[in-house]
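Notes follow once the structure below has been shown.
Since the structure is predicted, the reported quantities are computational estimates derived from the model, not experimental observations. The sequence lines fix the lettering, A, B, ..., with proteins before strands; numbering per chain opens at 1.
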Amino acid sequence: MSAPRAPKGTYDLLPDEASRRDAMVAVAARLFAAYGYRRIVTPEFEETGLFERGVGEATDIVRKEMYTFADRGERSLTLRPEGTAPICRAYVEHGLHKWPQPVKVWYYCPMFRYERPQAGRYREHYQFGAEAIGSADPAVDAEVIALLAALFAELGVESVRLNMNSMGDSACRPAYVDRLRGYLREHEGELCGDCLERLDLNPLRTFDCKVQSCRAVLDGAPRIVEHLCPDCRAHFDAVLGLVKRAGLEPHLDFRLVRGLDYYTRTTFEFNSDRLGAQSGVGGGGRYDGLIEQIGGASTPGVGWGSGLERITLAMRDQPLPPSAPDVYVVTFSEEARASAFGVAQDLRGAGLAAELDLAGRSPKGQLKQAGRSGAQFTVLLGLDELGADQVRLRAMDAGGEEDLAAADLAAHVASRLTKES
RNA sequence: GUGAAGGUAGCUCAGCUGGCAGAGCUCCGGGUUGUGGUCCCGGCGGUCGCGGGUUCGAAUCCCGUCCUUCACCCCA
């Protein structure tokens, strides 16, 4: 019998880490509000078909990474592997096309993918995400990109690089893919086995192969940005212009072909060199065909996801948010313990954060604990005070003690707290 | 799914040419009867990941397995 452990690829956030996480979410929530994005919460699991149709049967996510199970009603359900498809489902299901467009939402929630864990990669990982649905305007692309850049700046994620590309649309991509496939067939002998498979399945994916010979072949391959239709070209140029106007430096990256099938036109990724082998700290793109793909009316959309674990890796160390009680109640005799409990309750009732010993510590141990807790004040209770219906108040850092009527304690502490902080 | 390196106390680790399981930190107690943080003393705490093998004897060597880490694949 071995002790129970968190499942492979998952982790616990103990209170110190959880409070750092809370602080990150608070920063993000403020920023999203400033950009006009409102929070959305969707279920942790969806009907499997949503991801099969939305994310794409040819993607790794659908082919080998989903946590899929049958419930007791024989429904096939899947733990959410990514955030965009569920939000598009909610957009269609609740008729959000009747709202002012675009509908702008953000989320903070876990994603589940069955993969081998490594640095910056987990089976359950948390993402921030933003989606703007219902407008094809290049300004929306630029806005979500600027939003992600601002989030990194606010959180202290340093030295990130913005890479961008365009994937074209249904007017120009098919012809380009044929052209690329033709070029790759001429170089079949120089491609690795994986790329030979990709050639049939999705030739665009050969671009992010790391094998030297493949990279050499792809260096000479036709590039999609040079084969965009006029509309896509104009859209991409407009996005790039606005992104630069937002003070960012987009680097054109013809290898940037993201692994989800729904992307059209703009794709982007922020990279950092602090993530081990995973360089992407956040990325996304436009998905003008997705809503129609899952059964809604043709509706444009654009958005991104960013992994909290990777943000944390790339972030400079954050100070631990303080969590000290205002008051720690110490008793010098067993008989005073019940009174101490009451005193703590009274203080809490008055809106103060109060702690007391719950472990049967000695008086010295309680004082030690009071000091460690960071409490500004300690209330000392013993038989002498009980008899006189008084408490002794000690200012921990400032020093000094005074005796007070028990009834005056909460008001007195409250006034000194506001005065001294 | 593939490859490599590791699992010893709550945490960080030492011990590994086979011979009684250790340190630091944390935690608890004590240092002239009711006053914290520093310091000193003491204590709690381990099936050496798990299972098998070799041996008089295994934390140490061998095999298997699980887990962790890193990398491939791919993504956040």
Side-chain angles (χ1 to χ4, degrees), chain A residues 1-11 14 16 55 58-65 80-84 107-129 148 157 192-195 197-198 202 205 208-211 256-260 269-272 275-284 304-314 328 330-336 357 359-386 392-397 399-401:
Chain A
M1 256 326 274
S2 52
R5 294 169 145 274
K8 188 184 183 80
T10 68
Y11 59 90
L14 299 182
D16 279 355
V55 178
T59 61
D60 281 14
I61 287 179
V62 171
R63 292 202 311 167
K64 51 189 189 188
E65 296 177 0
R80 174 186 48 223
E82 65 93 46
T84 303
Y107 58 83
Y108 162 65
C109 55
M111 305 293 168
F112 304 87
R113 294 182 201 170
Y114 187 87
E115 300 182 271
R116 289 287 289 269
Q118 68 186 75
R121 198 173 71 185
Y122 299 85
R123 289 185 171 179
E124 179 190 33
H125 73 276
Y126 290 79
Q127 285 187 25
F128 284 133
L148 183 51
V157 176
C192 70
D194 285 343
C195 281
E197 271 185 46
R198 294 182 179 117
N202 186 351
R205 295 275 208 82
D208 50 29
C209 185
K210 286 169 187 159
V211 176
L256 177 55
V257 290
R258 298 177 53 78
L260 288 76
E269 198 167 274
F270 283 85
N271 294 100
S272 164
L275 306 183
Q278 320 307 322
S279 61
V281 66
W304 50 257
S306 183
L308 274 285
E309 297 81 1
R310 293 190 186 174
I311 290 175
T312 302
L313 283 176
Y328 198 102
V330 169
T331 57
F332 285 109
S333 68
E334 284 306 306
E335 293 81 354
D357 176 52
R361 289 186 182 84
S362 65
K364 172 174 177 163
Q366 293 180 48
L367 256 310
K368 202 172 179 176
Q369 191 59 30
R372 263 198 298 247
S373 77
Q376 212 176 124
F377 295 99
T378 298
V379 168
L380 306 169
L381 269 182
L383 293 178
D384 299 348
E385 288 79 9
L386 276 186
R392 177 163 288 194
L393 183 67
R394 177 182 176 84
M396 293 302 270
D397 291 333
E401 293 185 1

| query | P atom, B:G15 versus B:G22: distance in rounded Å? | reply | 15 Å
| task | Write down the partner of B:G3 under the Watson-Crick or G-U wobble criteria, each distance required to be under 3.5 Å. | result | B:C70
| said: Taking the C1' atom in each of B:C41 and B:C56, what is the distance between them to the nearest angstrom? | reply: 42 Å
| query | To the nearest Å, how far apart are A:Leu275 CG and B:C70 P? | reply | 12 Å
| query | Which pair of non-hydrogen atoms, one from A:Thr331 and one from A:Gln366, has the smallest distance, and what is that distance? | reply | N-OE1, 2.9 Å
| said: For A:Ser306, give me all partners under side-chain hydrogen bond (donor to acceptor under 3.5 Å, both in side chains), at least two apart in sequence or on another chain. | reply: none
| said: Please report the distance, rounded to the nearest Å, between CZ in A:Arg121 and C1' in B:C73. | reply: 7 Å
| request: Please state the C1' separation for the pair B:U55 and B:G49 - nearest whole angstrom. | output: 23 Å
| field | 5′-ward residue of the pair A:Leu308/A:Val211 relative to RNA chain B | value | A:Val211
| said: Any base atoms under 4.0 Å from A:Gly9, or only sugar-phosphate, or nothing? Heavy atoms, all strands. | reply: sugar-phosphate
| field | Results of side-chain hydrogen bond (donor to acceptor under 3.5 Å, both in side chains) for A:Asp60 - residues two or more places apart only | value | none
| said: Regarding A:Val330, tell me which of base, sugar-phosphate or nothing describes its non-hydrogen contacts under 4.0 Å with the strands shown. | reply: nothing
| message | Checking contacts here: which listed nucleotide (B:U69, B:C67, B:C73) is nearest the side-chain heavy atoms of A:Lys8? | response | B:C67
| query | On a whole-Å scale, what distance lies between the P atoms belonging to B:G24 and B:A14? | reply | 16 Å
| Rounded interatomic separation in angstrom, taking CD1 from A:Ile61 and P from B:A76 | 6 Å
| remark: Scanning all shown strands, the Watson-Crick or wobble mate of B:U17 with both distances under 3.5 Å is none
| task | Look through every strand shown and name the nucleotide pairing with B:U32 as Watson-Crick or G-U wobble, where both distances are under 3.5 Å. | result | none
| query | Reckon A:Gln118 has a side-chain N or O less than 4.0 Å from the OP1 or OP2 of B:A71? | reply | yes
| task | Determine the contact category for A:Tyr122: base if any of its heavy atoms lies under 4.0 Å from a base atom, sugar-phosphate if only primed atoms, P, OP1 or OP2 are that close, otherwise nothing. | result | base
| message | Across nucleotides 29-39 of chain B, 5' to 3', mark each nucleotide with B, S or - according to how protein heavy atoms within less than 4.0 Å reach it. | response | SSB--BBBB--
| So which nucleotide does B:G37 pair with, by the Watson-Crick or G-U wobble rule with both distances under 3.5 Å? | none
| Pairing residues for A:Glu115 by the salt bridge (Lys or Arg N to Asp or Glu O under 4.0 Å) criterion, not counting sequence neighbours | A:Arg121
| remark: Sequence neighbours excluded, the answer for side chain to side chain contact (heavy atoms under 4.5 Å, CB included) partners of A:Ser279 is A:Asn271
| message | My understanding is that a pair needs two contacts under 3.5 Å, Watson-Crick or G-U wobble. By that rule, which nucleotide pairs with B:C11? | response | B:G24
| Partners meeting side-chain hydrogen bond (donor to acceptor under 3.5 Å, both in side chains) with A:Glu385 (sequence neighbours left out) | none
| said: Assuming nearest nucleotide by heavy-atom distance, tell me which of A:Gln127 and A:Pro117 is located more 5' along RNA chain B. | reply: A:Pro117
| message | Does the Lys NZ or Arg CZ of A:Arg80 fall within the cation-pi geometry relative to A:Phe112 - under 6.0 Å from the ring centre and within 45° of the axis? | response | no
| request: For B:G64, give its Watson-Crick or G-U wobble partner with both distances under 3.5 Å, or none. | output: B:C50
| request: To the nearest 0.5 angstrom, please state how far the CZ atom of A:Phe377 sits from the CD atom of A:Glu401. | output: 12.5 Å
| request: Rounded to the nearest 0.5 Å, what's the gap from CD on A:Gln127 to CD1 on A:Ile311? Could you check? | output: 9.5 Å
| message | Measure CG/A:Asp60 against C1'/B:C73 and give the value in whole Å, please. | response | 7 Å
| query | Which whole number of Å gives the distance between the C1' atom of B:G3 and that of B:C61? | reply | 25 Å
| query | Between atom CD in A:Glu82 and atom P in B:A76, what is the gap in whole Å? | reply | 8 Å
| message | Using the C1' atom as the point on both nucleotides, what is the distance between B:G34 and B:C44, in whole Å? | response | 27 Å
| query | What about A:Glu65: does its side chain form a donor-acceptor pair under 3.5 Å with the base of B:C73? | reply | no
| Taking the same atom, P, in B:U60 and in B:C16, what whole-Å distance lies between them? | 13 Å
| remark: Across all chains, not counting sequence neighbours, the side-chain hydrogen bond (donor to acceptor under 3.5 Å, both in side chains) partners of A:Gln369 are A:Arg372
| message | Applying salt bridge (Lys or Arg N to Asp or Glu O under 4.0 Å), can you list everything that pairs with A:Glu309, at least two apart in sequence or on another chain? | response | none
| What nucleic acid atoms does A:Glu115 come within less than 4.0 Å of, heavy atoms only: base, sugar-phosphate, or nothing? | base
| request: Determine the Euclidean distance between corresponding P atoms of B:C11 and B:G46; express it in Å to zero decimal places. | output: 13 Å
Dump the pairs, protein N or O against N or O of nucleotides 3-12 of chain B, anything under 3.5 Å, distances to one decimal.
unit_1	atom_1	unit_2	atom_2	d
B:G3	O6	A:Arg116	NH2	3.3

| request: Count the heavy atoms of every other residue, nucleotide or ligand shown that sit under 6.0 Å from OH of A:Tyr108, and state whether that count exceeds 12. | output: yes
